[in-house]
Number of protein chains: 2
Amino acid sequence: MALDEYDYKILQILNENSRLSYAEIGRKISLSQSATKERVLNLVENGVIKQFSVDIDFTKLGYGLKVVMSLKFKNDEFKTFLNNLSRFPEIISCKRITGEYCLVAECILADSSHLENLIDRLIPYGIPTTSVQLSEVKVDHFFKRMI
Amino acid sequence: MALDEYDYKILQILNENSRLSYAEIGRKISLSQSATKERVLNLVENGVIKQFSVDIDFTKLGYGLKVVMSLKFKNDEFKTFLNNLSRFPEIISCKRITGEYCLVAECILADSSHLENLIDRLIPYGIPTTSVQLSEVKVDHFFKRMI
DNA sequence: TGTGAAATTTAATGGCG
DNA sequence: CGCCATTAAATTTCACA
């Protein structure tokens with residue numbers, strides 16, 4: 001799929017607020033509702049847009065501890081772990097990477113005892129290295145530069 | 001803000017598809033459109049929902065290389081780096097963490113020469129350790145367990 | 001907080017440049 | 001590919017419980 005400037009602008013706009021109406025997006029990029037809608041649907045159909053999602057402040061839900069967990073596995077234990085991911089609701093994202101560690105997981109936790117509990121459940125699979133997340137900057141300048 | 005089951009269900013539904021209409025969300029949780037709308041707006045006003053966003057497949061945009069970059073900084077060089085983040089459009093997320101590294105950054109790159117270029121631009125600020133992201137599992141069972 | 005109803009705005013189609 | 005016009009649906013607002 002070949003994207004043009006309109007598509008990139010749509011992605012940028014949706015990235016900032018994915019609930020905007022087609023009409024409103026169209027107004028921002030000087031395109032009719034129907035044309036805008038068709039472009040958005042095409043972006044979804046072609047898999048450029050994987051999902052319309054939502055960013056949540058877990059602190060406000062009583063989960064005040066965010067942790068980046070690096071994991072080392074013995075043998076192919078990591079496949080077993082991936083199959084059992086549902087036992088770890090605290091893990092909201094899991095990346096397989098090259099290098100010293102096999103996986104990096106993002107974890108949402110209530111407090112340090114919750115963390116201790118998670119580590120205990122992880123140890124059968126591999127060795128976790130914990131880093132507490134102090135702050136996060138989500139940057140959205142990607143699209144602005146890309147165009 | 002005290003959340004009830006309705007709110008959690010709304011978060012779960014919006015997390016899967018943030019473009020659903022209030023009417024449709026209301027149907028799923030047996031609530032009227034107006035009530036559903038007010039709840040969503042409250043979640044936004046109280047900061048539980050930080051943003052309605054979109055998940056993009058950067059591969060489809062010609063960026064076939066995703067990298068997790070761990071960064072070590074000398075002194076307070078990391079503050080300078082954060083102030084100059086706009087010079088690094090490849091970085092879409094930046095987390096300050098405890099432990100051996102100060103920062104973990106998610107980077108979107110076209111290819112390995114793009115990566116080399118990024119590393120060259122990073123070196124003045126600190127020492128980057130690169131891990132290529134092989135795959136990612138985004139898990140959404142968090143809300144289902146939370147309720 | 002929630003519902004229900006009326007006025008406005010969008011979404012969804014289809015025909016056409 | 002995009003625009004316009006039409007019908008169906010959703011949003012918005014407000015009165016009321």
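Note that the structure is predicted; figures quoted are calculated from it, not measured. The figures here come from the full heavy-atom set of this structure, side chains too, leaving out hydrogens, waters and symmetry mates. Chain letters run A, B, ... following the sequence lines, proteins first and then strands; every chain starts at 1.
- In this entry the distance linking CG of B:Asp4 with P of C:dG2 reads 7 Å, nearest Å.
- The side chain of B:Ser21 approaches D:dA10 more closely than any other nucleotide in the set D:dA10, C:dT10, D:dT12.
- Atom C1' of nucleotide C:dT10 and atom CG of B:Leu20 are separated by 16 Å, given to the nearest angstrom.
- What separates OH of A:Tyr6 from P of D:dC3 is a distance of 7 Å, to the nearest Å.
- Between the P atom of C:dT3 and the CD atom of B:Glu38 lies a distance of 11 Å, rounded to the nearest Å.
- Heavy atoms only, all atoms of each residue included: B:Glu90 and B:Leu109 are closest at CG-CD2, 3.8 Å.
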Polar atom pairs between nucleotides 4-6 of chain D and protein, under 3.5 Å, N or O only, would you list them?
residue: D:dC4; atom: N4; partner: A:Ser34; partner atom: OG; Å: 3.0

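- For the OP1/OP2 pair of C:dA12 and a distance below 4.0 Å, the side-chain nitrogens and oxygens of A:Lys37 include at least one atom meeting the criterion.
- Of the listed nucleotides (C:dG2, C:dT10, D:dG2), C:dT10 has the atom at the smallest distance from the side chain of A:Arg27.
- The distance between atom CD of A:Glu24 and atom C1' of C:dA11, rounded to the nearest whole Å, is 14 Å.
- Distance from the side chain of A:Ala23 is smallest to C:dA11 among D:dT12, C:dA11, D:dC3.
- Follow the hydrophobic side-chain contacts under 4.5 Å out from B:Phe52 and you reach A:Ile92 in the same cluster.
- Taking atom CG of residue A:Leu41 and atom C1' of nucleotide D:dG2, one finds them 15 Å apart after rounding to whole Å.
- Each of A:Ile91, A:Val104, A:Leu103, A:Ile119 was scored for a side-chain contact (heavy atoms from CB on, under 4.5 Å) with A:Met69, with one residue passing: A:Ile119.
- Here the two rings, on B:Phe142 and B:Tyr8, have centers that are 6.0 Å apart or farther.
- Ring pair B:Phe81/B:Tyr125: centre-to-centre distance below 6.0 Å.
- Of the two residues near DNA chain D, A:Ser30 and B:Tyr22, the one whose nearest nucleotide lies more 5' is A:Ser30.
- Rounded to whole angstrom, the span from the CD1 atom of B:Ile25 across to the P atom of D:dA10 amounts to 12 Å.
- A cation-pi geometry, defined here as NZ or CZ lying under 6.0 Å from the six-membered ring centre and within 45° of its normal, does not hold between B:Arg39 and B:Tyr22.
- In terms of modelled atom types and a separation under 3.5 Å, the side chain of B:Ser93 and the main chain of B:Glu106 share no donor-acceptor contact.
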